[in-house]
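Hydrogens, waters and symmetry mates are skipped; everything else that's a heavy atom, side chains included, is used. Protein chains get the first letters and strands the later ones, always in sequence-line order, with residue 1 at the start of each.
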Amino acid sequence: MQKLVPSSLSRRDLLAASTASLTGAVLAQAEDASPEETAHADAGTAMRPPIRAQVSFTVNDRPRELDLDTRTTLLDALREHLHLTGTKKGCDHGQCGACTVLVGGVRINSCLTLAVMHQGDAIITIEGLGTPENMHRMQTAFVKHDGYQCGYCTPGQICSAVAVIGEIEAGIPSHVTPDLTGTPELVAEEIRERMSGNICRCGAYSNIVDAITEVAGSRA
Amino acid sequence: MTPFTYERAGSPAEAAAAAARTPGARFIAGGTNLLDLMKLQIETPAHLIDVNGLALDTIEATKDGGLRIGALVRNTALAADRRVRRDYALLSRALLAGASGQLRNKATTAGNLLQRTRCPYFYDTVQPCNKRRPGSGCAAIGGVSRQLAIIGTSEACIATHPSDMAVALRALDASVETVQADGAPRRIPLAEFHRLPGDTPHIETVLEPGELITAVRLPKPVGGRHIYRKVRDRASYAFALVSIGAILHEDGSGQVALGGVAHKPWRVEAAEAELPRGAKAAAEQILAGARPSRDNAFKITLVERTLAAVLAEARG
C-alpha cells in the first residue's frame, strides 16, 4: 500500500497517485537523485520529482534491503549501491551482455531490468560464483584457456556460460539445434549460438568456446 | 529516464483499470524493450504498472485442441515447451531466431508482440519521426533505409515490426486475448492486431487505452512442415532483413508470413494459392504493390529467393 508521497507533489498529483492504488511499492521523499538521473529531463517531464521505493532481495545468498530511486536498474543497484563492481556496464542497452547476472538461476541482462522489480528474488553475480582463492571451475577454465584479453566482458561471459551449460542440460533448444524434438548437445556450434548475446571486443571467442567446452565436457 | 511512480498489479482487471485512469501509465513485464526506450527518453511513462505478479505464465491446452499461452510466458519457456516444439515448431524456431539467450529469458509473449520498431530514426531523438513525435516528419524516407519496410508503408512511416515470434503467430492463425479497462475480455485475430502506419504511425496496435493482453491462443495443430528462415547480416543476434515463417503441406498448399518487410507481420492469404506454382508466382502476389526505396529494393529479390529456399527445404 501507499505509505508516503513526495512533498513536492501537487494536490492533483497526489490524488492521481492515490487512485493508482500503489499496491507494492512504497513512495518516499526524494533526497539524493544523482546528476545522471536528472540530467536528461525533458520539457513536460522536468517537473516530475524522483520517486523512491524499497526492495529486498538476496545477492549471493546475502539478504539486502535497498531504498532506491525507482529508475535504478538492477545493474546500478549492484554496482553503485551494493558496490559489487564485478558486474560490468558495457552498452547499458542489453546488447553486449557485460551485465549478465543470474536471477533465480536464469541469466538476464541486469541493465534492462529495474531493481524494484526483483522483490524477493535470488541474484547471483560473478562475486557469488567464486572467489580468487576458490574459483568456480568456469573461472578456472577461462584462466587456463586465456578466455579474455582486457577482461571487461569476462564476468558477463562467465555468468552466461554457467547458465548456458544449464540450459543445454535442461534440454532447452537453440537456433542451431537440428531436431527440435530431440535433445540439444553440448557442442561448439551450440555454445557459439547461445553465447551470441555476450560481445567480446578483444575477440577472445575461440578461447571462450574452448573454456566452456572443457567445463561442459567434464560434466558430461 | 524521467521519474516514474511504480506499482505491482494484483489482477489483470485491476491492472487494466489502473492503466486507463492513470495518465502516462505503461505496463511493464520483461522490460527489455521498454526500459531501453526509457533510457533514451523515447518512452517517458509517468507511472509503471508491473504485471509480473499476475498469474499469466502458463501454457494450457484448449478445448478445441489448441494452446492458450499466458501473456507472461517467457520467450525461452515458450520456445522450449514440448507441445510447441512438436506441434508448432514454426513458433519455436522463430523465437529461437530472435534476440539473445539473456533477452529471451526475460521477454514475454505479450511484450514481444508490443515491442517497438528498431528504425534508426525512431531511436535517434534529434531526428524527426512521426512514430516518436507525431507530425514531426519521417527522416527514414530519403534516409538510410536498407533495413526498413517495402510494403504497407505510408508517406508518414516506413518502419518495420521487428518481431520474429509475431511472424510465426501470423502464419499459425493465432489470436490475442485481452482484458479491457472496464474488465471486459476481448479476442483479436493476430491479423487485425497490428496496424499499418497510415498517417498515425504512433498507434501501432488496435489495443484501447489500458487494455491488457492476457494470452495468445493457437488453433489446433495443422501438421505440415514448419520452417522459419531468417536472413540477416549476422548469423545470430540480429534483426531480419527478410524472414519467412511457413507451414507447407505435401500437396503444395501452405501458410506463409513475412518479417522484415512491413509495419506488421505480412501475410497475403490470397497469394497462398500460388504456392504450388513456385516462389516467383507466390512472391509476386505477396509483394504486389510494394514500394521499396533504392536502399531496400533488394528485399524484393530476397523475398523470392528466400521463399524458393523454404519451398525447396519443404520438398527436400
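- Among Gly24(B), Ala80(B), Gly98(B), the residue with the largest count of heavy-atom pairs under 4.5 Å with chain A is Ala80(B).
- Heavy-atom distances place no part of Ala77(B) under 4.5 Å from chain A, backbone and side chain included.
- Here the shortest heavy-atom pairing between Asn130(B) and Gly135(B) reads OD1-N, 3.3 Å.
- Ranking Met195(A), Arg192(A), Glu193(A) against chain B, the residue ahead of the rest is Glu193(A), based on heavy-atom pairs under 4.5 Å.
- Between Asp87(B) and Lys220(B) there is no salt bridge, since no side-chain N of the basic residue sits under 4.0 Å from a carboxylate O of the acidic one.
- Top candidate by heavy-atom pairs under 4.5 Å with chain B, chosen from Val116(A), Val106(A), Asn198(A), Thr177(A), is Val116(A).
- No part of Ala94(B) comes within reach of chain A, as not one of its non-hydrogen atoms sits under 4.5 angstrom from that chain.
- With a threshold of 4.5 angstrom between heavy atoms, Asp36(B) approaches chain A through its backbone and through its side chain.
- In this structure, chain B has a heavy atom under 4.5 Å from the side chain of Thr100(A), while its backbone stays farther away.
- Both the backbone and the side chain of Ala97(B) come within contact range of chain A, each with at least one heavy atom under 4.5 Å from a heavy atom of that chain.
- Between the side chains of Thr181(A) and Arg86(B), not a single donor N or O lies within less than 3.5 Å of an accepting N or O.
- At a 4.5 Å heavy-atom cutoff, the contact between Gln95(A) and chain B is made by backbone and side-chain atoms alike.
- Two residues are said to be in side-chain contact when any heavy atoms from C-beta on lie closer than 4.5 Å; Tyr6(B) and Ile51(A) fail this criterion.
- Heavy atoms closer than 4.5 Å to chain A are found nowhere in Arg234(B), neither backbone nor side chain.
- The candidate with the highest count of non-hydrogen atom pairs below 4.5 Å against chain B, out of Gly97(A), Ala170(A), Cys111(A), is Cys111(A).
- In this structure the side chain of Gln147(B) reaches within 4.5 angstrom of the side chain of Leu241(B), judged on heavy atoms.
- With hydrogens and angles left out, the side-chain atoms of Gln115(B) and Asn112(B) include a donor and acceptor closer than 3.5 Å.
- Side-chain contact between Cys119(B) and Lys131(B) is absent, with no heavy-atom pair separated by less than 4.5 Å.
- The side-chain heavy atoms of Phe4(B) and Leu114(A), taken from C-beta on, include a pair separated by under 4.5 Å.
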